[in-house]
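Data first, discussion second: the structure below is written as structure tokens.
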Amino acid sequence: MDELENLRKLHLDVAIIYADYYGAAMEIFLSPEQFGIENPLVACCGGGGPYGVSETARCGHGEYKVCDDPQLCGSWDGYHPSEAVFKAIAIGLLRGSYTQPPLATTTISCPQITELGSSVEYKVLYDLRHGGCRAVSPSAAATAPFVLLLCAVVLLNAHVVLCGCYKRIFSFGDSIIDTGNFVYLTGNGPSQFKELPYGMTYFNRPSGRICDGRVLVDFYAQALNLSLLPSSMPEEGSGQFENGANFAVLASTALGPDYFKTKYNFSLPVPYCLDSQLASFKKVLGRIAPGVDATKSLLGESLIVMGEIGGNDYNFWFTARQPRETAKQYLPDVIGRIGAAVQEVINLGAKTVLVPGNFPFGCAPEYLQGFQSSNTSDYDATGCIAWFNDFSRQHNQALVQEVGRLRSQNPGVTLIYADYYGAALEFFKNPKNYGIADPLLECCGGDGPYHTGMTCNKTAKVWGPPANFANWDGVHMTEKAYSIIADGVLSKQQQQPLSDMGSFSHQQHSIPMYLVLVSAVLLLNSTLGLCGCYKSIFSFGDSIIDSGNFVHIAGDHPCPFKEPPFGMTYFKHPSGRISDGRVVIDFYAQALQLPFIPPSLPEKDRGQFPHGANFAVLASTALPPEYFRRWNHTVPMPFSLATQLEWFKQTLHRIAPGDAARTALLGESLILMGEIGGNDYNFWFLDHKPRELAYQFIPDVVASISSTVQELIGLGARTIVIPGNFPTGCVPAYLSAYRSGNPADYDELRCLRWFNAFSAAHNQALTNEVSRLKAQHPGVRLIYADYFGAALQLFRNPRRFGINDPLIACCGGHGPYHTGATCDRTATVWGDPGSFANWDGVHMTEKAYHVIADGVLNGPFADPPLLHKSRPLAEISGDLSLAGFIDELKMEEIISTAKVWGPPANFANWDGVHMTEKAYSIIADGAEQQQPLSDMGSFSHQQHSIPMYLVLVSAVLLLNSTLGLCGCYKSIFSFGDSIIDSGNFVHIAGDHPCPFKEPPFGMTYFKHPSGRISDGRVVIDFYAQALQLPFIPPSLPEKDRGQFPHGANFAVLASTALPPEYFRRWNHTVPMPFSLATQLEWFKQTLHRIAPGDAARTALLGESLILMGEIGGNDYNFWFLDHKPRELAYQFIPDVVASISSTVQELIGLGARTIVIPGNFPTGCVPAYLSAYRSGNPADYDELRCLRWFNAFSAAHNQALTNEVSRLKAQHPGVRLIYADYFGAALQLFRNPRRFGINDPLIACCGGHGPYHTGATCDRTATVWGDPGSFANWDGVHMTEKAYHVIADGVLNGPFADPPLLHSC
């Protein structure tokens, strides 16, 4: 302790915390009953005797024994504590009683991780009491294992929200982030920005932004828990700007008007520039923070957003058709002016400045229309104008260099370069990933090319929901696009993310940091930015991946593939592909950061093919034409796999002459073997030859593929992807040609059963052959790609991918399945190809190929997934000797003849010395302290093996922490109201009419009404699935006879916590008699029948999860929606909470050991409330547009309930009482709806035409406003499956449960 005190004096900026493990452990030995431990001095696993240990038998060796319940023992094996003890020690540290100073009063940093990957939620909050924040010094950061974990999380796309770290944002820029200054300047004059459709998406009214909704600075503010920034001009002389101000003005430039007039005799349309904005900023600063010290203090805790600015310096020049090259002359001056502005705000006291780069304005519709060209070389692969995008990159490169210079001059300042170009390019390259149909079209405009030709105003055409577009008005982006860009800045791998509150010493920690991050990424199957993983792709196949060979062969002959609508989606012109856009090989190339692979034939004799070549040709077969002549059958094309292989070998001989060159080239290339073989069957079947004979082809087709693979291996190939066949029974051409009146000919997907079975037989034979080849060639990666399974997703869950009917062609005729006409320029295109799986009756759409490619790249439809097994681990480390590190990590070989006694998750010790992952996960979970890991050894390169492993395991657990909960709870028993009712109310309704018995209820998951008051699953369903249990049945249909082996759901719609007679005292009637007491009585009757006797009841409840609601919401809802006096409802809260508490205590008395107690939802965000209590007073609404009073009321209920749960925990230390924060979990949907694919979280999906889509009951006559997956609210009161999924995930994995449910076992 004395030494620590000396260290604290030497390092004032470091929080040094003493963790008293001795004291925390002694509390357990002195009062074991408080922790549920019966034998604190006895080992669970050992040789018996009074202390559970023996010299002749120890845990894992000799005749050892294991106790029935390790939680009752103080030691696991006589040396190491049990999980129960580790947990108790961790709790002592967390609560602060055994740390000096207490953790709860120590401010180290305040990162709040709110998104880890696609489904895991986990918060780490320091200084919960004060919410303060200060930067961590490099030395402090380096010594905290938490920081290593945090950095691994950030690398893996974590959203890091700096709770309280910035108190204000001050921003400068142009129309990209102007939030009202230009509209203010126009005064009473006309302006299209004052009228709809501007502001239609989020604000539902014009807001002064040049967008359909929010702009970039709004997303930054919301992510930093600040209110939306006001524009500066309206309050320039009087506003206090508590959260900052936005000085950006539409049409502003970095350089002033005088610059352009003097130097180039060029006039700008407005006088507003960076100089004028800075002058206004300094004027405001002088008023709200007078004096140097006050100014520095204010700016030191503010974020400065410097733009985007500079784009207009070029835009006005280019759009005036001035000489392009001249812009390159003044580019250094633009950069210099931005740099000077950054330096000026630093001199004033700014400590964090975000400096964004320019956008790819070669992708803006106004540029695309204004500079249209018939020369295809003027466009890049995304369809954007290459010259302008190159110019943007030059600007950005110069800006990056300037930011680097400023960093070196200002070492105490955090300067963050924001790559808006790269972030925007995400949706130009992969628009479908973001639900964008065509990123080059504007949403609001005219009928010209790219939807240009008209100014966006009240008379313009809005072409669809703005969320389906990247561009709003030809120049500015949509809210959807800005949200993607903001997300890239907040969370992606930019130069220095906003989360970087301190720096790591490069000299001291670069190697171990790199090893930790790379290792964590590898464990999590990250792609690691696979640029350079494969330098080339060489491919064989047929029309599925032909990218131009057949069109080349066709020469000048007419060919539909040379004309629209082929290529309409991505390339905007025919590209030689037999689809509307890209095909699977294109997605593989893009994922591997390679250019599109060219067809081989156009450059057959001279192309160098630096990135590979595609030898696939339409109509090719695996077997040669002469094979089929034996069957009196002719195939239409002579190009078989053997032909393509011969072309490949000729090319290889020319571009890589000699064995060494050939081996080197193929060793770093990916070989794509098809799909090939499908046509061997297609031509036979579509010629209506005898079906069964085709089974005789399968061995020969597979043998042809196999022999080609082996020949390629002999040439030097080291990675070969071998795809299977598609489900041909789902192809429109087959469905039309083999139409049947016999329902037995079709499977549940409406596909032809026989043909899918045939494809499966081919695939099984091919899979077997791949396995055989793997055994013969252990040094070669042979990856079977399950195209059948990947494609089947589209037919099983088409809505998930935005597809309406996967069995009809997009381009074709008016016959069944849209067949009956060849897809050519005269055919019918039935809609957006992005809503179809099939393109022309045979080939798939780009959308479908994207889904299939993703399943191969990331799994689960490849073994192994292409992006997960791309390089040997040792190759990645380079000079860092990662392979040696991994060897060191292993420590000892595990003898293959040893006995594994069961699932490792049921054990704490693995091999007699080392613990299992389960044990390490528990230790890591309790070790979110400052320094537990470092007690085991330093992070030096020589001594890192044990603590480094723990860090990696901890990082993995933080990101994938389900902990293998199979068997954790054997049953769920639940109480509540319509939020989780899964059929009780519908049962009660009997034969009476009831909207919940009819569509659209149940439309999303079950495809029929299921008794749930939602479009699909509700929260209890997600809990059951996560715990590997079947859906929990409603109790009432089987009330007197059901055995309920996995539990029962007693919740009923409209139930209250308090009984009806309680409300009669208030002259108030609730519509239903089913209170919590009623449900509890049903539960006890059921329990008496299915588990008679104390022992059976205690055993059953001891391994069951009890879900206590949500309940209590209706006690208030019926009062409020009857427009009773609001304030009186505060008097109900203690009684509602007491009712819940007494029920919990009765359940504990019956034997319950784990009870989840949810809080109430943010009712001020519910459409029914928003409609019933509409107000013209803006003060009645919070920043989320929810009703402030009702959310405050819900929060008051939740606070009272939280306090009661804490009291019950203290009374029942042996029981897990988990408070589930439904309020906080739901609030995510309202704060960041786009993150979850939700357009507007405040409107109902199913309802009427009133405000918030209310005004009609959700029933079969109501309007369903779109895909429920894009809504948070279902029917005005209840939530959608999508919303319940988000809430359940926050409870299962954290941070919206204490502890997270999946961590509670």
Side-chain angles (χ1 to χ4, degrees), residues 21-22 24-92 898-927 963-971 1027 1091 1093-1105 1148 1151-1154 1212-1216 1299 1302-1305:
Y21 280 23
Y22 180 95
M26 280 305 295
E27 183 175 352
I28 300 163
F29 294 113
L30 293 172
S31 303
E33 66 281 356
Q34 289 186 26
F35 305 93
I37 295 172
E38 294 180 1
N39 304 300
L41 302 179
V42 176
C44 174
C45 178
Y51 299 103
V53 294
S54 143
E55 291 183 2
T56 58
R58 54 193 178 90
C59 188
H61 301 277
E63 297 294 325
Y64 71 97
K65 300 176 182 177
V66 179
C67 67
D68 292 331
D69 188 355
Q71 300 294 320
L72 302 179
C73 295
S75 174
W76 165 240
D77 60 0
Y79 299 96
H80 306 96
S82 64
E83 172 187 307
V85 170
F86 277 132
K87 182 176 180 180
I89 292 170
I91 289 171
K899 183 171 182 177
V900 177
W901 288 90
N906 296 343
F907 293 80
N909 192 278
W910 170 239
D911 60 359
V913 178
H914 308 96
M915 290 187 170
T916 58
E917 175 183 281
K918 177 68 170 280
Y920 285 132
S921 76
I922 296 161
I923 294 168
D925 188 58
L963 292 176
L965 284 164
C966 174
C968 183
Y969 301 109
K970 295 185 178 177
S971 308
L1027 297 171
D1094 290 350
R1097 186 190 70 240
T1098 302
L1100 172 64
L1101 293 185
E1103 53 192 15
S1104 298
L1105 173 69
I1148 292 171
R1153 285 296 170 265
T1154 305
H1212 304 282
V1215 178
R1216 298 183 196 91
L1302 290 186
H1303 300 185
S1304 67
C1305 288

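Keep in mind it's a predicted model, so treat the numbers as computed, not measured. Quick note: numbers below take in every heavy atom, side chains included, and nothing from hydrogens, waters or symmetry partners.
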Side chain to side chain contact (heavy atoms under 4.5 Å, CB included) evaluation trace for Val66 with Trp76: CA-CA 9 Å; Val66 179; Trp76 165 240; 4.3 Å; yes
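A search for side chain to side chain contact (heavy atoms under 4.5 Å, CB included) contacts involving Leu72 returns Glu38, Asp69, not counting sequence neighbours. With sequence neighbours excluded, the residues satisfying side chain to side chain contact (heavy atoms under 4.5 Å, CB included) with Arg1097 are Leu1087, Asp1094, Leu1101, Leu1150. Remark: Glu1103 engages Lys970 in a salt bridge (charged side-chain N to carboxylate O under 4.0 Å, His left out) (not counting sequence neighbours).
Smallest separation of non-hydrogen atoms from Gln71 and Ile37: O-CG1, 3.7 Å. Contact between Leu1100 and Ala1091 at its shortest, heavy atoms only, is CD2-CB, 3.9 Å. Taking each heavy atom of Tyr64 and Arg58 in turn, the nearest pair found is CB-O, 3.5 Å. The two residues Asp77 and Cys59 make their nearest non-hydrogen contact at CB-CB, 3.7 Å.
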Enumerate, atom names and distances included, each donor-acceptor pair closer than 3.5 Å involving a side-chain atom of residues 45-54, sequence neighbours excluded.
{"from": "Ser54", "atom 1": "OG", "to": "Thr56", "atom 2": "N", "distance (Å)": "3.0"}
{"from": "Ser54", "atom 1": "OG", "to": "Thr56", "atom 2": "OG1", "distance (Å)": "3.0"}
{"from": "Ser54", "atom 1": "OG", "to": "Ala57", "atom 2": "N", "distance (Å)": "3.3"}

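Under the 3.5 Å distance criterion, the side-chain polar atoms of Ser75 are matched with a main-chain donor or acceptor of His80.
SG distance check for Cys67 and Cys73: not under 2.5 Å.
Annotation: Tyr79, atom OH; neighbour count of heavy atoms from other residues, nucleotides and ligands within 6.0 Å does not exceed 12.
At least one side-chain heavy atom of Ile1148 sits less than 4.5 Å from a side-chain heavy atom of Arg1153.
Expressed to the nearest 0.5 Å, how far CZ of Phe29 lies from CE of Met26 amounts to 7.5 Å.
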